[in-house]
Every structure is written in structure tokens, then in C-alpha cells.
Amino acid sequence: MGTLPERKDIPPWVKAPEDLKDPEVLQVQTQLLEALFGPAGSRIPYIEQVSKVMLELKVLESSDLTEVVVYGSYLHKLRARWMLQSMAEWHRQRQERGMLKLEDAMKALELGPWMK
């Protein structure tokens, strides 16, 4: 990805053009975006400021994935990528545990053969 991002409001901690080259790209399930970035991406500015990176989200049309493009210095990009991957995995596991609990509750509620 050698092209510069379309975004016009590059944060002051991202040095153009050197930090805009070779971004880190990770794919996240679209259903996890709100858990990671808040409603309508409200936490993105905070995550960018704390991580000293710039984030762009690109929805992939042919799948349920969204690309998260991370711009910044090499170490900041790697740290932000690790943090986002960890958060996504935590939310995915939490969601999976919730589904397992729901399945167990539904099994517990199943009626015996005499009640059907």
C-alpha cells in the first residue's frame, strides 16, 4: 500500500509522509467494530491519541470483515496492531462464551418428553 490515505485530518503525532508509508493492515469481524471502537467509532480518536497512530476502517464488500489500516511509526503501528488484535480476540471469546451459556440455558429449559 504505497498510496497516501484519503483522510484529510492527519493527527499531529503522525509524521507525513514517512509514517503514512507501509501501514499495518488487519482484518476484524465487522460485528466486533462497535465493541472495539464504540458506537459510530466514538473511541477511535482516543485510541489514536493514546497509541500515537492514525486508523482507517475499510469495509470489505464480499465478506463480514473490515480492514483496519494503522498508520504511524514502526513501533507504534506494531503496538496498536497487537492491542487491537488482543481486544478483538477477547471480545470474540466473550461472545462465544455468551453463546455457550445461552445454549446451556436453552437445553436446561427443554421440556421433558411428557410435556411435548
Side-chain angles (χ1 to χ4, degrees):
M1 289 190 117
T3 62
L4 296 178
E6 298 173 10
R7 189 169 149 173
K8 303 291 185 237
D9 60 330
I10 297 173
W13 50 83
V14 176
K15 296 174 185 72
E18 60 269 13
D19 286 350
L20 300 176
K21 297 175 185 171
D22 301 319
E24 285 289 320
V25 179
L26 58 140
Q27 294 182 346
V28 176
Q29 291 177 334
T30 302
Q31 65 190 31
L32 294 177
L33 289 180
E34 187 168 332
L36 291 174
F37 300 118
S42 61
R43 284 190 224 127
I44 289 177
Y46 175 76
I47 292 171
E48 287 181 332
Q49 184 176 10
V50 169
S51 301
K52 302 294 183 222
V53 295
M54 182 175 81
L55 302 175
E56 280 192 334
L57 304 180
K58 297 179 181 179
V59 177
L60 301 176
E61 295 179 20
S62 61
S63 69
D64 66 339
L65 297 173
T66 298
E67 276 188 348
V68 179
V69 184
V70 183
Y71 298 95
S73 71
Y74 179 74
L75 290 176
H76 289 133
K77 286 187 297 190
L78 291 181
R79 186 174 60 206
R81 180 180 180 174
W82 175 83
M83 179 197 65
L84 292 170
Q85 286 176 324
S86 297
M87 288 172 56
E89 181 63 15
W90 183 83
H91 282 289
R92 190 194 62 72
Q93 288 176 351
R94 184 171 177 245
Q95 188 176 48
E96 191 175 288
R97 283 192 305 271
M99 291 303 292
L100 292 174
K101 286 181 181 179
L102 178 61
E103 286 176 11
D104 290 343
M106 290 177 69
K107 286 178 187 174
L109 291 174
E110 284 182 0
L111 301 175
W114 64 90
M115 304 274 302
K116 290 185 179 178

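Basis for what follows: all heavy atoms, side chains included, without hydrogens, waters or symmetry-related copies.
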Salt-bridged, Lys15 to Glu18, with N to O below 4.0 Å? no
List the residues meeting side-chain contact (heavy atoms from CB on, under 4.5 Å) with Ser63, not counting sequence neighbours, and say none if there are none. Leu60, Leu65
About how many Å separate CG of Leu84 and CD of Glu24, when rounded to the nearest 0.5 Å? 11.0 Å
Could you walk me through whether Leu78 and Tyr74 pass the side-chain contact (heavy atoms from CB on, under 4.5 Å) test, one step at a time? CA-CA 6 Å; Leu78 291 181; Tyr74 179 74; 3.3 Å; yes
What donor-acceptor contacts under 3.5 angstrom involve side-chain atoms of residues 27-34, with partners at least two apart or in another chain?
from: Thr30; atom 1: OG1; to: Asp64; atom 2: O; distance (Å): 3.0
from: Thr30; atom 1: OG1; to: Thr66; atom 2: OG1; distance (Å): 2.9
from: Gln31; atom 1: NE2; to: Gln95; atom 2: OE1; distance (Å): 3.1

Between Tyr71 and Glu56, does a side-chain contact (heavy atoms from CB on, under 4.5 Å) hold up when you go through it step by step? CA-CA 8 Å; Tyr71 298 95; Glu56 280 192 334; 3.5 Å; yes
Value for CZ (Phe37) from CD (Glu48), rounded to nearest 0.5 Å, stands at 9.0 Å
Hey, could you give me the CD/CD distance between Glu89 and Gln85, rounded to the nearest 0.5 Å? 9.5 Å
Could you pull out all residues at least two apart from Arg43 that satisfy side chain to side chain donor-acceptor pair (under 3.5 Å)? none
When rounded to the nearest 0.5 Å, the distance separating CG of Leu36 from NE2 of His91 is 5.5 Å
What's the spacing between Glu67 CD and Leu26 CG if we round to 0.5 Å? 9.0 Å
Mark yes or no for whether Ser42, through its side chain, and Gly38, through its backbone, hold a donor-acceptor pair below 3.5 Å. no
Check the pair Val14 / Val53 against side-chain contact (heavy atoms from CB on, under 4.5 Å), numbers first and verdict last. CA-CA 6 Å; Val14 176; Val53 295; 5.6 Å; no
Any side-chain heavy atom of Pro23 within less than 4.5 Å of one from Val70? no
Show the numbers, then the answer: is there a side-chain contact (heavy atoms from CB on, under 4.5 Å) between His76 and Trp13? CA-CA 11 Å; His76 289 133; Trp13 50 83; over 6 Å; no
Nearest heavy atoms of Ser51 and Met83, plus distance in Å: OG-CE, 3.7 Å
When you measure from the side chain of Lys77 to the backbone N and O of Asp22, does any donor-acceptor pair fall under 3.5 Å? yes
Starting from Trp90, can I reach Tyr46 by hopping between I/L/V/M/F/W/Y residues whose side chains sit under 4.5 Å apart? no
